[in-house]
Amino acid sequence: MYTFSNKLKTFSFILMILGALGVGYGFLTSHKSLDEVKTMLAEEASHHGGGHEATHDVAPASHDTHANAPSHGEEAQDSAHHGDAHAKHVQHQIHNRPWSALYVAAFFFMMIALGILAFYAIQIASQAGWSPVLFRVMEGMTAYLLPGALVVLAIAVLAGDHLFVWMNPDMINPESEHFDKLVAGKSGWLNKTGFIIRGLIFIAGWALYRHFSRKFSIAQDTAEDKSNFKKLFRITAGFLVFFIYTESMMSWDWIMSVDPHWFSTLFGWYVFASMFVSGITVLALITIYLKSKGQLEFVNENHLHDVAKFMFAFSIFWTYLWFSQFMLIWYSNIPEEVTYFVTRFNDYKLPFLGMVVMNFVFPILMLMNADYKRIPWFVVMAGLVILAGHYIDIFNMIMPATVGDRWFIGIPEISSILLFAGLFIFVVFTALTKAPLLVKGYPFRKESEEFHY
């Protein structure tokens with residue numbers, strides 16, 4: 001039985017405390033007044049030789065060529081009004097940043113647990129012979145899913161239009177100056193009540209499968225027949241169907257709807273690839289850590305090699321989906337679609353292109369060689385880069401729609417990562433202490449222990 005060391009427990013608490021303090025600081029410093037924002041914009045404009053603010057100045061005199069030309073006073077009023085509107089927009093983006101940073105980190109750690117739950121279910125449904133020695137590590141990781149998903153849903157609802165503009169009632173009010181016909185047309189789906197109900201259905205389904213799969217797995221350890229294994233197999237088949245549908249709808253609701261004017265038919269698969277490879281990567285890291293502490297003596301380099309193969313393979317799969325989504329939208333050049341990528345190229349070029357290097361080029365170079373997949377420190381190094389790359393992937397999905405060009409990876413973002421990393425470590429390693437680290441009665445246990453490649 002694994003024992004959660006006091007050092008690791010203390011480490012997780014320190015991460016959570018530091019994270020909570022940093023998140024609080026992010027919220028406190030984000031509430032700038034309109035005058036403060038105007039001063040900030042004026043300083044930015046002066047540093048850039050006028051910058052985009054210069055475009056808001058009064059237009060050149062018309063030399064009386066138009067009888068109805070506005071007076072200088074009217075032009076000055078229009079310019080001031082436009083300047084106020086721009087300042088309010090930037091003010092809202094600054095207010096959005098701590099919410100967005102918190103949401104990105106919360107979703108990232110939740111998707112690791114959801115990704116490994118899907119991987120666990122696939123191993124059971126396919127009756128894989130190599131992976132049962134890793135089942136208890138997977139079950140420990142999935143313990144984070146219920147609290148993690150509830151936190152994501154809670155942040156989304158509490159943040160409101162700081163994250164999801166369609167949650168602003170003015171967007172669907174025809175009498176409001178903020179009325180948006182397209183958002184109003186989608187209000188049958190994009191409304192807060194439906195959002196919450198769907199979210200609770202998703203979470204309940206995932207959590208129920210996790211609960212019963214864990215229950216049957218532990219019961220099989222002491223059972224004299226294979227009845228628990230058969231029950232586990234049957235519910236897994238049903239869960240995979242439920243998962244495919246709900247994962248896609250979750251990605252539409254929780255991520256894609258931050259850009260309600262844009263959609264992609266590949267988006268559900270794209271998010272799935274990101275969560276799947278992230279979950280498998282964390283599985284590799286936790287397995288290597290436990291192995292280094294004298295646990296998991298039944299796990300050998302062949303198991304590590306197979307986990308690293310999945311890390312490599314799904315990095316390629318993610319890249320295929322990223323390129324397919326990007327290439328088709330770029331080629332068709334439909335204004336409503338290309339806006340998504342134009343924004344990211346203009347304002348997020350470094351993280352947008354950098355994540356492709358981290359999630360594709362780096363894994364190709366590091367994990368293509370079969371021998372490297374068997375070297376623990378090599379897999380750890382590749383895994384940390386892959387995880388950082390997929391955090392940036394989620395960052396790129398959320399931030400352009402919420403903070404625009406006001407993005408920065410600073411205290412709010414790093415603190416949010418620390419907060420949820422600490423919570424993830426505490427929940428997962430606590431769950432690992434609740435049952436033996438080897439499934440004893442599972443039919444393919446012996447095959448898995450003797451697995452070699």
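The shown structure was predicted, so the numbers you read here are calculated from the model rather than taken from an experiment.
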Student: Using modelled atom types and a 3.5 Å cut-off, is there a donor and acceptor pairing between side-chain atoms of T281 and backbone atoms of L387?
Tutor: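 No; zero donor-acceptor contacts below 3.5 Å.
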
Student: Scan side-chain atoms only and decide if D393 and W322 contain a donor-acceptor pair under the 3.5 Å cut-off.
Tutor: no

Student: Answer yes or no: is there a donor N or O on one side and an acceptor on the other, between the side chain of Y103 and the main chain of W254, under 3.5 Å?
Tutor: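 Checking the backbone N and O of W254 against the side chain of Y103, a donor-acceptor pair under 3.5 Å is found.
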
Student: Would you kindly say whether D180 and H261 are connected by a side-chain donor-acceptor distance under 3.5 Å?
Tutor: yes

Student: Taking the six-membered ring for Trp, are Y120 and F135 ring centroids under 6.0 Å apart?
Tutor: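 Aromatic pair counts; centres sit under 6.0 Å.
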
Student: Would you call R136 and E139 a salt bridge, taking side-chain N to carboxylate O under 4.0 Å as the test?
Tutor: yes

Student: I want to know whether F341 and W330 have ring centres closer than 6.0 Å.
Tutor: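 Judged by ring-centre distance (under 6.0 Å), F341 and W330 do not meet the cut-off.
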
Student: Please give me the minimum heavy-atom distance between F202 and F242, naming the atom from each residue.
Tutor: O-CE2, 4.1 Å

Student: Locate the shortest heavy-atom distance separating P260 from V165; write the atom from each residue and the value.
Tutor: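 Shortest heavy-atom contact: CG-CG2, 3.6 Å.
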
Student: Among K440, K230, K226, which one satisfies side-chain contact (heavy atoms from CB on, under 4.5 Å) with Q220?
Tutor: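 Result: among K440, K230, K226, K226 is the only option passing the side-chain contact (heavy atoms from CB on, under 4.5 Å) with Q220.
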
Student: side-chain contact (heavy atoms from CB on, under 4.5 Å) between I116 and I112: does it pass, once the steps are laid out?
Tutor: CA-CA 6 Å; I116 206 63; I112 289 171; 5.8 Å; no

Student: Is the distance between the ring centroids of F276 and F272 under 6.0 Å?
Tutor: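 Centroid separation for F272 and F276: below 6.0 Å.
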
Student: For G19 and L418, which heavy atoms make the closest approach, and how far apart are they?
Tutor: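 Here G19 and L418 meet closest at CA-CB, 4.1 Å.
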
Student: Taking the six-membered ring where the residue is Trp, are the ring centres of W99 and F27 under 6.0 Å apart?
Tutor: yes

